[in-house]
Chemist: 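Take this structure first; my questions come after.
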Amino acid sequence: MSDADTAAPAQPQDFIREIVAADVAAGKNGGRVVTRFPPEPNGYLHIGHAKAICLDFGVAGEFGGYCNLRFDDTNPVKEDVEYVDSIKDDVKWLGFEWHEREYYASDYYEQLYGFAETLIRKGLAYVDSLSADDIREHRGTLTEPGKDSPYRTRSVDENLDLFRRMRGGEFPDGAHVLRAKIDMRSPNITLRDPVLYRIRHAEHHRTGNAWCVYPMYDFAHPLSDAIEGVTHSLCTLEYVDHRPLYDWAIEHTRTEARPRQYEFARLNLNYTVMSKRKLLQLVEQKHVNGWDDPRMPTVSGLRRRGYTPESIRDFCARVGVAKKENVIDVGLLEHCVREDLNRRAPRAMAVLRPLKLVLTNYPEGQSEEFAVANHPDNASLGSRRVPFSREIYIERDDFMEDPPKKFFRLAPGREVRLRNAYLVTCTGVIKNAAGEIVELRGTYDPATRGGDAPDGRKVKATLHWVSAANAIDAEIRLYDRLFTTEDPDGSAAKTGADFTSLINPQSLEALKGCKIEPSLANAASGSRYQFERQGYFCADPDSSAGKPVFNRTVSLKDSWAKAS
RNA sequence: UGGGGCGUGGCCAAGCGGUAAGGCGCCGGCCUUUGGAGCCGGUAUUCGAAGGUUCGAAUCCUUCCGCCCCAACCA
């Protein structure tokens, strides 16, 4: 086998990595690779950001470069330190390190301001005193060219004077704006004299009241990249039209650094929404319990739900990087956690909807313990003691009085296995006055201790169970997709309804009085388990001493549920 | 009726002129003290459409069709 054969990349190749590899091979930027992840601190990170993070940090890492964490904090009225803190937590949790490379566009305000004056001196920027409405009107439309502002021909001196006075706080919000002088008739609307600076008498979360003029994204972003020596500035497709402006800003202010912008398609997931505006609305209108509600597609929501950073990174790798608009099936995300947790999560038993089974031939007052492996395929996860006694809880769904042909579980007269315990046979069904099943009677076969029948007899089902005398009560929260429709954005737009009307009323079902095995009594918040035959669960921070709360991350695949 | 991006199986996605990778899903089978996991096999005569170039086209050319983005002093 040649070296090339063994050097298969763990990370799939994509057009971005191809470009970077070619640049490195050609010796561009001295072979250096610097990327950046540039969130605006105006909301929490979501799974779409995770894709960008994996790309930005991934590419940098693979080529021996750096990825800067840069907060694009140029709009003080929308931003907040709460968001910068959460963003840092989330990036770290996802497993990425920016070391000391934590930057803020606001750190560059002075330099950026200087670049703006440079532009003015070159006659490439001017102060416009049109109102916002008038600017919009002068901009033209998609099919009609724009018109020059009457202020477009102001002299350099007048522009400089006005701009300095803007900075000095002489004017109210909206009185003037600094604009690039490019081309009001450009077919690319982005180039119709874009606004570079606006007046905002607002307190900034980092610079306080030091400034009252703030740069726009199209000005701050390319120049921040240049200042930091970024080589490859990766962003999403909606910025393709902005690339000429990105290049323009750098060409006319800086010449040393020459970052290039490349665009890829953002991640979309079905059965959820991804826009920050909509996620904010869900939080503010209390449709969910905060940004980290386990139903949210936010990184913090997925974390609380029980997703692992590994599974999210794996998901991002599998989804790929391309330029085609895409809608990824949330089933792939679920597959990724299942695969990860199947390998790592210790097993335990929990009964979600308990039904008592009394083993009439098991001596009253007697009890015993079984040593049970914590993982069927990984002995290094150890084992634990699980108590057993005369009365146990089984899952209500695991019993049917009149079972259909393909139902293999417990039924009157039928023998099944209690996992790691005994073979038991149902001998009686006890109902209340309303005819509802309230309890089962059965017998166990003492010769089958551990769950094996010495005579080789087979049973068609194995049930999970919890000893009634030792069971701990728990709350278990089951989650379903947040929306009833695959494309809440599109469906809502079509009918004119608000997307919140499509929220799945069953997206959260909190089960109280679940019975869990005693080893789970003090599960640490954030610890993950597979509850056998049911799914993966994660202890929620709402847990308190003796009152555990679990979130279902994802159910196990269930071919019986699918068939029935 | 302007400019830009994109069209490969249900969802993603390789492919870069030599005769359709892979993953998810789905369908079978084996195995199983989780109807889980694991293992094995199947799942596009065809690449938005139509022409053209070529011995040969998903890949090149032409035209057409469809979807998405852009008219914030948001990012």
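All chains are named by letter (A, B, ...) in the order of the sequence lines, taking the proteins before the strands, and each is independently numbered beginning at 1. Note that these values count all heavy atoms, side chains included, but never hydrogens, waters or copies made by symmetry.
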Chemist: C74(B), OP1 or OP2 - any side-chain N/O from Arg198(A) closer than 4.0 Å?
Modeler: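 For C74(B), OP1 or OP2 has a side-chain N or O of Arg198(A) closer than 4.0 Å.
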
Chemist: Under 4.0 Å between a side-chain N or O of Arg318(A) and OP1 or OP2 of C12(B)?
Modeler: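 So the side-chain polar atoms of Arg318(A) never come under 4.0 Å of the phosphate oxygens OP1 or OP2 of C12(B).
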
Chemist: What is the distance from CD1 of Ile328(A) to C1' of G10(B), rounded to the nearest Å?
Modeler: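 In whole Å, G10(B) C1' and Ile328(A) CD1 are 13 Å from each other.
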
Chemist: Any side-chain N or O of Ser559(A) below 4.0 angstrom from OP1/OP2 of G36(B)?
Modeler: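 Yes, such a contact exists.
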
Chemist: Can you figure out which of U34(B), A14(B), C73(B) approaches the side chain of Met216(A) most closely?
Modeler: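 Selected nucleotide (nearest to the side chain): C73(B).
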
Chemist: Name the pairing partner of U1(B), where a pair is Watson-Crick or G-U wobble with both distances under 3.5 Å, or state none.
Modeler: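 Its partner: none found.
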
Chemist: Any stacking of Tyr217(A) on A75(B), going by centres under 5.5 angstrom and planes within less than 30 degrees?
Modeler: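 Stack criterion not met.
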
Chemist: Can you tell me which nucleotide in C69(B), C6(B), G35(B) comes closest to the side chain of Glu238(A)?
Modeler: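 For Glu238(A), the side-chain atoms sit closest to C69(B).
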
Chemist: Which nucleotide wins on minimum distance to the side chain of Asp241(A), given the candidates U8(B), A75(B), C70(B)?
Modeler: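 Nearest listed nucleotide: C70(B).
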
Chemist: Hey, does Asn420(A) reach any base, or is it just sugar-phosphate, or nothing, if we go heavy atoms under 4.0 Å?
Modeler: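 The residue Asn420(A) makes base contact.
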
Chemist: What residues in residues 134-143 of chain A put a non-hydrogen atom under 4.0 Å from any atom of RNA chain B?
Modeler: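 Per residue number, the list reads Ile135(A), Arg136(A), Arg139(A), Gly140(A), Thr141(A), Leu142(A), Thr143(A).
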
Chemist: Between atom CZ in Phe315(A) and atom P in G22(B), what is the gap in whole Å?
Modeler: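 After rounding, the gap between these two atoms is 21 Å.
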
Chemist: Rounding to the closest angstrom, what is the interatomic distance between A20(B) and U59(B) at atom P?
Modeler: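 Straight-line distance between the two P atoms is 14 Å.
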
Chemist: Side chains of Ser129(A) and Arg154(A): is there a donor and an acceptor less than 3.5 Å apart?
Modeler: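 Note: Ser129(A) and Arg154(A) side chains meet the donor-acceptor criterion.
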
Chemist: Counting heavy atoms from C-beta on, name the nucleotide in G35(B), A37(B), C74(B) closest to the side chain of Asn342(A).
Modeler: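 Nearest to the side-chain atoms of Asn342(A), counting from C-beta on, is A37(B).
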
Chemist: Report the nucleotide, chosen from G23(B), C73(B), A13(B), that has the shortest atom-to-atom distance to any side-chain atom of Ala132(A).
Modeler: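 Nucleotide nearest to Ala132(A)'s side chain: C73(B).
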
Chemist: Of all the choices, A75(B), G35(B), G36(B), which nucleotide is nearest to the side chain of His242(A) once you look at every atom?
Modeler: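 When the side chain of His242(A) is considered, A75(B) is the closest of A75(B), G35(B), G36(B).
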
Chemist: Which nucleotide, if any, forms a Watson-Crick or G-U wobble pair with C47(B), using both distances under 3.5 Å?
Modeler: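 Across any shown strand, C47(B) pairs with none.
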
Chemist: Looking only at the aromatic ring of each residue, does the gap between the centers of Phe537(A) and Phe550(A) stay below 6.0 angstrom?
Modeler: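 No, the ring centres sit 6.0 Å or more apart.
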
Chemist: Looking across every strand, which nucleic acid part, if any, lies under 4.0 Å from Lys406(A) by heavy atom: base, sugar-phosphate, or nothing?
Modeler: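 If one applies the 4.0 Å heavy-atom cut-off, Lys406(A) turns out to touch a base.
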
Chemist: Identify the nucleotide, in any strand shown, that forms a Watson-Crick or G-U wobble pair with U32(B), with both distances under 3.5 Å; if there is none, say none.
Modeler: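 Per the H-bond distance test, none.
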
Chemist: Going by heavy atoms in the side chains, are Cys235(A) and His221(A) under 4.5 Å from each other?
Modeler: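 Not in contact.
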
Chemist: U34(B), OP1 or OP2 - any side-chain N/O from His464(A) closer than 4.0 Å?
Modeler: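 No.
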
Chemist: Considering Watson-Crick and G-U wobble pairs with both distances under 3.5 Å, what does A58(B) pair with?
Modeler: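 Its partner: none found.
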
Chemist: Can you identify which nucleotide, out of G25(B), G2(B), A13(B), has its nearest atom closest to the Ile189(A) side chain?
Modeler: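 Taking heavy atoms from C-beta onward, the closest nucleotide is G2(B).
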
Chemist: If you only use heavy atoms from C-beta on, which nucleotide in C68(B), G2(B), C74(B) is closest to the side chain of Glu325(A)?
Modeler: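 It is C68(B).
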
Chemist: Which heavy atom in Leu223(A) sits nearest to a heavy atom in Leu112(A), and how many Å separate them?
Modeler: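 That would be CB-CD1, 3.7 Å.
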
Chemist: Is the distance from OP1 or OP2 of C74(B) to the nearest side-chain N or O of Arg200(A) less than 4.0 Å?
Modeler: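 For Arg200(A), the contact criterion (side-chain N or O under 4.0 Å from OP1 or OP2 of C74(B)) is met.
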
Chemist: Distance check: side-chain N/O of Lys324(A) vs OP1/OP2 of A13(B), anything under 4.0 Å?
Modeler: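 Answer yes for this pair, as a side-chain N or O of Lys324(A) is under 4.0 Å from OP1 or OP2.
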
Chemist: Of all the nucleotides listed (A37(B), G5(B), C12(B)), which has the minimum atom distance to the side chain of Val240(A)?
Modeler: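 Among A37(B), G5(B), C12(B), the one nearest the side chain of Val240(A) is G5(B).
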
Chemist: Tell me the partner of G7(B), counting only Watson-Crick (N1-N3 plus N6-O4 or O6-N4) or G-U wobble (N1-O2 and O6-N3) with both under 3.5 Å; none if nothing fits.
Modeler: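 Because both required distances fall under 3.5 Å, G7(B) counts as paired with C65(B).
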
Chemist: Measure CZ/Arg409(A) against P/G35(B) and give the value in whole Å, please.
Modeler: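 Roughly 7 Å, once rounded to whole Å.
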
Chemist: Report yes or no: do Thr190(A) and Asn188(A) form a side-chain donor-acceptor pair below 3.5 Å?
Modeler: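 Looking only at side-chain atoms, Asn188(A) and Thr190(A) do form a donor-acceptor pair, the distance falling under 3.5 Å.
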
Chemist: Is the base of A72(B) syn or anti, where syn means the angle lies within 90° of 0?
Modeler: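 This nucleotide is in syn.
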
Chemist: Between G35(B) and Lys557(A), is there an OP1 or OP2 to side-chain N/O distance shorter than 4.0 Å?
Modeler: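 Indeed not, no polar side-chain atom of Lys557(A) lies that close.
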
Chemist: For Tyr113(A), is the NZ or CZ atom of Arg167(A) found under 6.0 angstrom from the centre of its six-membered ring and inside 45 degrees of the ring axis?
Modeler: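 Yes, Arg167(A) lies over the aromatic ring of Tyr113(A).
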
Chemist: A75(B), OP1 or OP2 - any side-chain N/O from Thr74(A) closer than 4.0 Å?
Modeler: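 Yes, such a contact exists.
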
Chemist: On a whole-Å scale, what distance lies between the P atoms belonging to U19(B) and A57(B)?
Modeler: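 It comes out at 12 Å once rounded to the nearest Å.
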
